[in-house]
Amino acid sequence: MNTTVSYETILFDVSGGIARLTFNRPERLNSFNTAMHAEVRAALAAVRIAEARVLVITGAGRGFCAGQDLSDRAVAPGAAAPDLAESIEKNYKPLVLALRELPLPVIAAVNGVAAGAGANIALACDLVVAARSASFVQAFAKLGLVPDSGGTWFLPRLIGTARALGLTLLGEKLSAEQAASWGLIWRCVEDAELPAVVESLALQFAVAPTRGLARTKQAIYEGLNRTCGSSSTSSAITRASSAAVPTTRKGWLPSARSARRVLPAADSEESP
């Protein structure tokens, strides 16, 4: 199925099993406003109903995503300040969870700066490939904010407490090369190579057994909160379930309700 829909703040199409979503506000470094949140939600919903087997997310222009567009939250003098908690619950939290729960691989092609929520949206993807000139910035501390969009969950799990604290308390820029060295992202490649490397990965996933990849993704993420024993049990159930259907056919994950009936409960805090 080939799908192309016109949007104002993003570019989105599905072709050959590959869904491509581009943040398209280059004049604002692809920062989010209300309209962009709504369009990204619509696109991710479309990924689920289209015959997509992999999703590639990138940014237009020189940036991946600079997080929240602060001008979208500007208020008149004397007016009440915007409710940031409501914005996170309504927009960023559902976005991060939607990326994690998509039953197919999600690739972030980080072509430039990924700052604030933009950095953590990239980390919510399954594979992050970044251009050498790209960077990751946990800019929240400079604004007197606590990292959102899953940052306080992703960072210590990916790079450890010491580095997570350094990045979030100092708000310093982390190069793509250093991010790859630390294990924060999958790969750092030369700028000119980024499109070809990402396209190669997307084509590989487009012909791979999507059901098996989706269940592997599910098992890995659930394993972050399990003991070794419960994780092994869960993997065995997942293998048996996957074996019951042809592995080369596209398949979807069970609903959260059905998963709870067959999988043991997590042993620690929930994912973001």
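Here, residue 1 is the first one in the sequence, and each next residue gets the next number. Nothing here was measured: the structure is a model prediction, and the numbers come from that model. Excluded from the calculations below are hydrogen atoms, water molecules and symmetry mates; all remaining heavy atoms, backbone and side chain alike, are included.
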Asks: Of the non-hydrogen atoms in A134 and A130, which two are nearest, and what is the gap between them?
Replies: CB-CB, 4.2 Å
Asks: Grab the two heavy atoms, one from F32 and one from Q68, that are nearest each other, plus how far apart they are.
Replies: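 Reported closest heavy-atom pair: O-NE2, 3.3 Å.
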Asks: Any chance CD of E8 has more than 12 other-residue heavy atoms, nucleotides or ligands included, within less than 6.0 Å?
Replies: no
Asks: After noting the C-alpha distance and the side-chain angles of V128 and L184, does the key distance pass the side chain to side chain contact (heavy atoms under 4.5 Å, CB included) rule?
Replies: CA-CA 9 Å; V128 183; L184 184 67; over 6 Å; no
Asks: Show your reasoning for whether side chain to side chain contact (heavy atoms under 4.5 Å, CB included) applies to K93 and D148.
Replies: CA-CA 8 Å; K93 181 179 177 180; D148 57 43; over 6 Å; no
Asks: Should we count CD1 of I220 as having more than 12 external heavy atoms under 6.0 Å?
Replies: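 For I220, atom CD1 is not crowded (no more than 12 foreign heavy atoms under 6.0 Å).
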Asks: Roughly how far, to the nearest 0.5 Å, is CD of E39 from OG1 of T9?
Replies: 3.5 Å
Asks: Indicate the atoms forming the closest heavy-atom contact of R132 with C188, along with that distance.
Replies: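 Closest approach of R132 to C188: CA-SG, 3.7 Å.
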Asks: With no hydrogens and no angle check, is any side-chain donor or acceptor of S149 less than 3.5 Å from a backbone partner on Y92?
Replies: no
Asks: Show your reasoning for whether side chain to side chain contact (heavy atoms under 4.5 Å, CB included) applies to V110 and I185.
Replies: CA-CA 10 Å; V110 181; I185 65 173; over 6 Å; no
Asks: If you round to the nearest 0.5 Å, how far is OG of S135 from CD of E177?
Replies: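 These two atoms lie 13.0 Å from each other.
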Asks: Taking all heavy atoms of V96 and all of A124, pick out the closest pair and write down the distance.
Replies: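 Minimum heavy-atom separation between V96 and A124: CG1-CB, 3.9 Å.
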Asks: Nearest 0.5 angstrom please: R157 CZ to Y221 OH, how far?
Replies: 12.5 Å
Asks: Sequence neighbours excluded, which residues qualify as salt bridge (charged side-chain N to carboxylate O under 4.0 Å, His left out) partners of R163?
Replies: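 Salt bridge (charged side-chain N to carboxylate O under 4.0 Å, His left out) list for R163, sorted by chain: empty.
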Asks: Check residues 164-175 and write down every donor-acceptor pair under 3.5 Å in which the side-chain atom is one partner and the other belongs to a residue at least two apart or another chain.
Replies:
unit_1	atom_1	unit_2	atom_2	d
T168	OG1	A164	O	2.8
T168	OG1	L165	O	3.4
S175	OG	Q178	N	3.1

Asks: State, with a plain yes or no, whether a side-chain heavy atom of K90 is found less than 4.5 Å away from one of T34.
Replies: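 The answer is no, as the side chains (C-beta and beyond) never meet within the 4.5 Å cut-off.
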Asks: Would you mind reporting whether W153 and L224 have side-chain heavy atoms less than 4.5 Å apart?
Replies: yes
Asks: What's the shortest heavy-atom distance between G63 and N111, and which atoms?
Replies: O-ND2, 3.3 Å
Asks: Would you kindly confirm whether L99 and L158 end up in one hydrophobic cluster when ILVMFWY residues are joined by side chain heavy atoms under 4.5 Å apart?
Replies: yes
Asks: Which atom pair, heavy atoms only, marks the closest approach of M36 to S31?
Replies: SD-O, 3.5 Å
Asks: Which ILVMFWY residues are connected to L194, directly or by a chain of links, through side-chain heavy atoms under 4.5 Å apart?
Replies: I18, V54, V56, I107, L127, V129, W186, V189, V197, V198, L201, L203, F205, L213
Asks: Taking only Lys NZ, Arg NE, NH1 and NH2, and the carboxylate oxygens of Asp or Glu, determine whether R20 and E199 approach each other closer than 4.0 Å.
Replies: yes
Asks: Can you list the other members of the hydrophobic cluster that holds V146, where links are side-chain heavy atoms under 4.5 angstrom apart?
Replies: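 In the cluster with V146 there is nothing else; it is isolated.
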Asks: Would you please name every residue forming a side chain to side chain contact (heavy atoms under 4.5 Å, CB included) with E86, sequence neighbours left out?
Replies: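 Per chain and number, E86 pairs via side chain to side chain contact (heavy atoms under 4.5 Å, CB included) with D83.
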Asks: Tell me if a side-chain donor or acceptor on N30 pairs with a main-chain N or O of R25 at a distance below 3.5 Å.
Replies: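 It does hold such a pair.
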Asks: Mind checking ring-ring contact (aromatic ring centres under 6.0 Å, His included) for F136 and listing every partner two or more places apart, or none if nothing turns up?
Replies: none
Asks: For D126, check salt bridge (charged side-chain N to carboxylate O under 4.0 Å, His left out) against everything at least two apart and list the hits.
Replies: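 Salt bridge (charged side-chain N to carboxylate O under 4.0 Å, His left out) check on D126 returns K217.
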Asks: Clusters formed by hydrophobic residues whose side-chain heavy atoms approach within less than 4.5 Å: which one holds V113, and what are its other members?
Replies: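 Answer for V113: L29, V137.
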Asks: Check side chain to side chain donor-acceptor pair (under 3.5 Å) between N91 and all other residues, then give those that pass, not counting sequence neighbours.
Replies: R41
Asks: Can you list every pair that meets ring pair (Phe, Tyr, Trp, His ring centres under 6.0 Å) and has a residue in residues 46-66, with sequence neighbours left out?
Replies: F23-F64
Asks: Between T216 (side chain) and G212 (backbone), is there a donor-acceptor pair under 3.5 Å?
Replies: yes
Asks: What pairs with A19 under side chain to side chain contact (heavy atoms under 4.5 Å, CB included), at least two apart in sequence or on another chain?
Replies: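 A19 satisfies side chain to side chain contact (heavy atoms under 4.5 Å, CB included) with F12, V14, V47, A52, L55 only.
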Asks: Should we count CZ of R187 as having more than 12 external heavy atoms under 6.0 Å?
Replies: no
Asks: Show the numbers, then the answer: is there a side chain to side chain contact (heavy atoms under 4.5 Å, CB included) between N24 and Y7?
Replies: CA-CA 9 Å; N24 192 33; Y7 295 97; over 6 Å; no
Asks: Please identify each residue that fulfils side chain to side chain contact (heavy atoms under 4.5 Å, CB included) with P94, with sequence neighbours left out.
Replies: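 Once residues adjacent in sequence are excluded, P94 has no partner under the side chain to side chain contact (heavy atoms under 4.5 Å, CB included) criterion.
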Asks: Would you check if the side chain of R53 reaches a backbone N or O of V207 as a donor-acceptor pair within less than 3.5 Å?
Replies: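 Side chain of R53 to backbone of V207, a donor-acceptor pair under 3.5 Å: no, none is there.
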